[in-house]
Amino acid sequence: MDGTAPPPRTLAIIGGGFSGACLALHLARANFPGRIVIFEPRPVLGRGVAYSTRDDAHRINARASRMSLYPDDPGHFTRWLAETGACDDDPEATLPDGRRFPRRAVYGAYVTAQVAPLLAAGRVWHVRAEMSELVARGGGWQLNGADGAVHQADIAVLATGHPPPRIPPPLAGIAGHQAFIANPLQSGALDGIAPDAKILIIGTGLTMADTVASLDRAGHTGAITAISRRGQWPRPHAMEDKHGAADFAPPASACVLLRQVRAAVKKAEAEGLTWQGVFDVLRWRAEEFWRALPVPERRRLLRHARPFWDTHRHRLPPPTAAILARRLAENTLRIAAAAVTGVHGADRRIDVFLRRRGAGAAARETFDAVILTAGPGRLDEPENALSAKLLSSGLLTLDATGQGFCCGAAGQVEGRQGPPLFVVGPPTRGTFAEIISVPEIARQIDALTAAAFAEAPRS
Ligand SMILES: Cc1cc2nc3c(=O)[nH]c(=O)nc-3n(C[C@H](O)[C@H](O)[C@H](O)COP(=O)(O)OP(=O)(O)OC[C@H]3O[C@@H](n4cnc5c(N)ncnc54)[C@H](O)[C@@H]3O)c2cc1C
């Protein structure tokens, strides 16, 4: 021993949205003794896909008191709101019972504000670049940037979020058409739409709700049709919290789970409680139940129950729910179970062949705008250069349901030689089942930090 301290390790986080920023914050709080470098092409850390929006119609869909970055300090975000007055100019954000649903831009500002002091102090570094390849070399990682630059790290963490949505084959013919909007969350995407435009939205989840709210806020009054295979759309939050203690046993099959849920909802309603409470209990036990199910049962669950789960678990922010309810009542919004069988871009409009569920033949309708809100793509699509290369090189594998990368309980990639590699956030869905929202991701990152990186007591 010559007394020389080993050189500090470098931990590279690839992706600086919510997950990447949250991890950097937790590492700093745990006194991680090395350099923390976040590779993120966006100008600001912490916002990612969900919180980069500047549209005032876009709100967080869980109440503010559930959106803390720190599971052991649930009041962190609500205190920040009170200290900064960040939603004082937004009376709609606060419900009569005190629950708050601020704009998503405000939530992005919260996360960014937490990371800013770490950046200023040189505790966290932000490299504005997209990484296209990860190669194990010399006991560490070589990270190849899409810009040709090469970086080194000792530990790598993948925090790249959901794969971007892809245009489904029946819509391929209108990619690039001026009346087709492939990503309504992109800034200014809806700007050219006339107030009386007749619109088709493909997908009926929360992004459809955001899109209707944005159009409504911008003065759109024309007819909107929103379609998905089952025509299910997100449910509202309960008017008040009346949660019971739903009692579930880990299920042996998808059928048993669905039976338990139906029985628990019936019992809750008979006791004057809410179905939302049943789903909240399920949500927190989702990982345990998912692990208990054999793979064919997991697949069955995804095939048959996914839309119902998504629409009951991920609920509408109350101001958005009010807009949807009004548009439905006015008949300027119709939500239907239907599929697109073909499209034809004609001049400035698009002809769409729509087959309603249960109908034999498709009918042609003409729309002034067609908007895609159909959700994320797949990790193994060649367009997702980094994840496709990680899969083809064998560094990562997809779980048996194709939902995400295989990883251990702390997000570590197991069963391989080489430098440490971790995955956090939505790309771990196949392992953790319900890992796409802030509370679950923050909990996962807290556990990962404690298990793998907490080398010194928290400051
Ligand atoms: C529209 C929307 C609204 C949501 N609203 C809520 C809500 O109200 N409440 C809630 O709890 N959850 C919400 N969620 C879910 C949740 O908050 C997000 O899934 C979460 O923010 C995921 O963060 P992330 O950092 O993993 O992914 P992302 O936000 O997608 O960030 C990933 C980042 O990685 C970067 N990246 C990708 N590939 C590379 C690469 N190769 N090299 C370098 N960087 C790369 C991207 O630029 C991006 O910034 C919402 C999600 C969406 C999409």
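For clarity, every value in this text was computed on a predicted model and none was experimentally measured. Ligands are counted one by one from 1 in listed order, and the atoms in each one are counted from 1 as well.
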Per-atom contacts of ligand 1 with [X], taking only distances under 4.0 Å to non-hydrogen atoms:
X	value
Leu386	41 (N)
Arg42	47 (O), 48 (C), 49 (O)
Ile14	40 (C), 42 (N), 43 (C)
Ala159	32 (C), 34 (O)
Gly161	26 (O), 27 (O), 30 (O), 32 (C)
Ser19	23 (O), 24 (P), 25 (O), 26 (O)
Ile60	8 (O)
Leu185	1 (C)

Starting from [atom], locate the nearest protein heavy atom and write down its residue, its atom name and how far away it is, to 0.1 Å.
atom	value
atom 20 (C) of ligand 1	Ile441 CD1, 3.9 Å
atom 39 (C) of ligand 1	Thr160 CG2, 3.6 Å
atom 43 (C) of ligand 1	Phe39 O, 3.4 Å
atom 8 (O) of ligand 1	Asn61 N, 2.6 Å
atom 41 (N) of ligand 1	Met131 O, 2.8 Å
atom 33 (C) of ligand 1	Glu40 OE1, 3.3 Å
atom 30 (O) of ligand 1	Val49 CG2, 3.2 Å
atom 2 (C) of ligand 1	Ala50 CB, 3.6 Å

Item checked: Heavy-atom nearest neighbour of atom 12 (N) of ligand 1 within options Phe101, Tyr107, Tyr51 -> Tyr51

Report the part of [X] in contact with ligand 1, treating N, CA, C, O as backbone and CB onward as side chain, heavy atoms under 4.0 Å; options are side chain, backbone, both, neither.
X	answer
Glu130	both
Val424	neither
Phe18	both
His58	neither
Ile436	backbone
Pro317	neither

Next item on the list: Indicate whether the side chain of Thr10 and that of Gln152 have a donor and an acceptor atom separated by less than 3.5 Å.
Entry: no

Notebook entry, point to check: Would Thr332 and Arg327 count as having a side-chain donor-acceptor pair, cut-off 3.5 Å?
Noted result: yes

Check: Looking at the rings of His26 and Phe453, which for Trp means the six-membered one, are their centres under 6.0 Å apart?
Finding: no

Check: Looking at Phe432, does the NZ or CZ of Arg291 lie under 6.0 angstrom from its six-membered ring centre and within 45 degrees of the ring axis?
Finding: yes

Identify the two heavy atoms, one from [X] and one from [Y], that lie closest to each other, and give their separation to 0.1 Å.
X	Y	result
Ala410	Ala451	CB-CB, 4.1 Å
Trp284	Pro439	CH2-CB, 3.6 Å
Ala12	Ala153	CB-CB, 3.6 Å

For [X] and [Y], take the angle between the two ring planes, folded into 0 to 90°, and tell me which bin it lands in: parallel under 30, tilted 30 to 60, perpendicular over 60.
X	Y	value
His76	Tyr70	perpendicular
Phe77	Tyr107	perpendicular
Phe18	Tyr51	perpendicular

For [X], state whether at least one heavy atom is located under 4.0 Å from any atom of ligand 1.
X	result
Pro439	yes
Met67	yes
Ala385	no

